[in-house]
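Single-structure report; data block below.
Everything numeric here is computed off the predicted structure, so don't read it as measured data.
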Protein chains: 2
Amino acid sequence: MTATTQEVRPSYCDSCAIRNRAICADLDSAELAQLSTIGRRRKLTAGEQLFWEGDDTVLLANVIEGVLKISTHTSEGKEQILGLGFPSDFLGRPFGQTAPFGAEALTDSFVCVFEQGDFDRFAREHSRLEHKLLERTLAELDRTRRWMLLLGRMNAEQKVASFLLELRDRLTPRTCNHIEVEVSEIFELPLTRQQMADILGLTIETVSRQLSRFKRDGLIDLLSRRQVTIRDRRTLELIAS
Amino acid sequence: MTATTQEVRPSYCDSCAIRNRAICADLDSAELAQLSTIGRRRKLTAGEQLFWEGDDTVLLANVIEGVLKISTHTSEGKEQILGLGFPSDFLGRPFGQTAPFGAEALTDSFVCVFEQGDFDRFAREHSRLEHKLLERTLAELDRTRRWMLLLGRMNAEQKVASFLLELRDRLTPRTCNHIEVEVSEIFELPLTRQQMADILGLTIETVSRQLSRFKRDGLIDLLSRRQVTIRDRRTLELIAS
DNA sequence: CGGGACTTTGATCCTTATCAACTTATGTGG
DNA sequence: CCACATAAGTTGATAAGGATCAAAGTCCCG
């Protein structure tokens, strides 16, 4: 604690795929080394639960690879997905008592997991990290509020169009080493139709019908259940408003 | 900046109604005095806009008295209210470029306003404040996500019931000087039917019909357009799930 | 007391949920 | 490697909840 000089061994964080995009981005090597002592990597297979809604021993995680969902349930058991976690996103509820939502891997994933207590303590001692976390939380709040607009005011067609566009964007990192990457309009849906319905506040049938319609109208292609190509982005954007 | 001792004059913050509940709660007198130099009080009359969606010169505010709404619009002009601000709530988007939503007073209000730049600078230098802000933002994110469940998965009856209950709770501070206060089940709606509709993702007619139904069934009383009494909280809670 | 905004109520229509049957993928064991 | 079982997805028919359109009623304020 009081040592002024400190042997800084490179932590495995240094080679982390999201080193420069996650909340750890502003930490120096020493801090990173310290952080890496309280975190551990974990592999998740599709469908595996990272933590459950209501858990007391709360986990926090950086998504390194893959896509996760966070969700809650109505008392009648209907699920509502609250958001998706993509690489470099931070998942979980710091400074809380119980997890207000559950987290599950949608695809095979890698995450960097922390016990909440460890992380909370670390964050309070490193205001740069806390600041990053604040910025992320504010951004996430913005995104969640935009989603409210979708849930409250859009019809099924607009919802599905918006969702496809957002997925395409978040699934493809905008830059790679500061070089603009030409992005393909083909991508893999990381969710089942049911899960899409649970995100959009629709039923599985409505989602399916809407996708079929978009395909029939030439706006998208469905190569397989999970493979989507956006053929007419302009029109989709018009529909999504 | 480098002075170690400093004349601390009591700022008007010391007597602020929300001194112990707002994000300023953890600041000491010296910090509070400093903060008060960059903030100013402002009175708003019902219907007055504090700032607009898309504004570049962004304002931030602590709500001292009254109720504000934050909202955004679809491209077709339909409004979606994103949330309400009650006394001690913090409004606005720190560390951002443009306001992602507008804020308007629903009732005559008092707020404590900051220029975003001033506030951002202050926050970065006072990690206790930034920590408070983080906790609030996380709590607000939780609340917003619960609202997603309402928008995505509830029917009109459940939405209106939930809203009445939440309004009653937030309109009445739970404690006063650490003493549990017996709360009355009568309260004033700070919104028009149209605004309620814009919060719940419904139309004005549906909201009105639902309220009439609740009244007919003896769950609530409507003394005037704005005066509501909750007569059967249990059943309302049951409906709201 | 009169005018305008807000609200309530009724009638009808439309979107999406629900129910049901069928089709297509996925995967496992013989 | 195929046949079968199971899960996931599609499509159609019908129903219901809310939106929309329309008109009457109420409150509020000058």
In whole angstroms, how far is the [atom2] atom of [N] from the [atom1] atom of [X]?
X       : N       : atom1 : atom2 : value
K159(B) : dA19(D) : NZ    : P     : 7 Å
I204(A) : dT24(C) : CD1   : C1'   : 13 Å
Q158(A) : dT15(C) : CD    : P     : 12 Å
L200(B) : dG17(D) : CG    : C1'   : 16 Å
R216(B) : dT9(C)  : CZ    : C1'   : 13 Å
L222(A) : dT24(C) : CG    : P     : 15 Å
L189(B) : dT7(C)  : CG    : P     : 9 Å
R153(A) : dT15(C) : CZ    : C1'   : 15 Å

Presence of donor-acceptor pair under 3.5 Å, side chain of R226(A) and base of dG9(D): no
dG10(C) base / R209(B) side chain donor-acceptor hit below 3.5 Å: yes
Using the side-chain heavy atoms of [X], tell me which of these nucleotides is nearest: [options].
X       : options                   : result
R225(B) : dG12(D), dT16(C), dG25(D) : dG25(D)
R193(A) : dG9(D), dT7(C), dA11(C)   : dG9(D)
T203(B) : dA17(C), dA19(D), dT10(D) : dA19(D)
N155(A) : dT7(C), dA17(C), dT15(C)  : dT15(C)

Donor on one side chain, acceptor on other, E53(A) and T72(A), under 3.5 Å: yes
Closest-nucleotide ordering on DNA chain C, the 5'-leading residue of M154(A) and S224(A): M154(A)
NZ or CZ of R42(B) within 45° of F110(B) ring axis and under 6.0 Å: no
Least distance between heavy atoms, L164(B) atom then I220(B) atom: CD1-CG2, 4.1 Å
K69(B) with E104(B): basic N within carboxylate O range, under 4.0 Å: yes
Comparing E205(B) and Q210(B) on DNA chain D - which has the more 5′ nearest nucleotide: Q210(B)
Other residues, nucleotides, ligands: >12 heavy atoms within 6.0 Å of R231(A) CZ: no
Phosphate OP1/OP2 of dT9(C): any S208(B) side-chain N/O under 4.0 Å: no
Any T206(A) side-chain N or O less than 4.0 Å from OP1/OP2 of dT16(C): no
Sugar-phosphate only, base, or nothing, as touched by L202(B) at under 4.0 Å among non-hydrogen atoms: sugar-phosphate
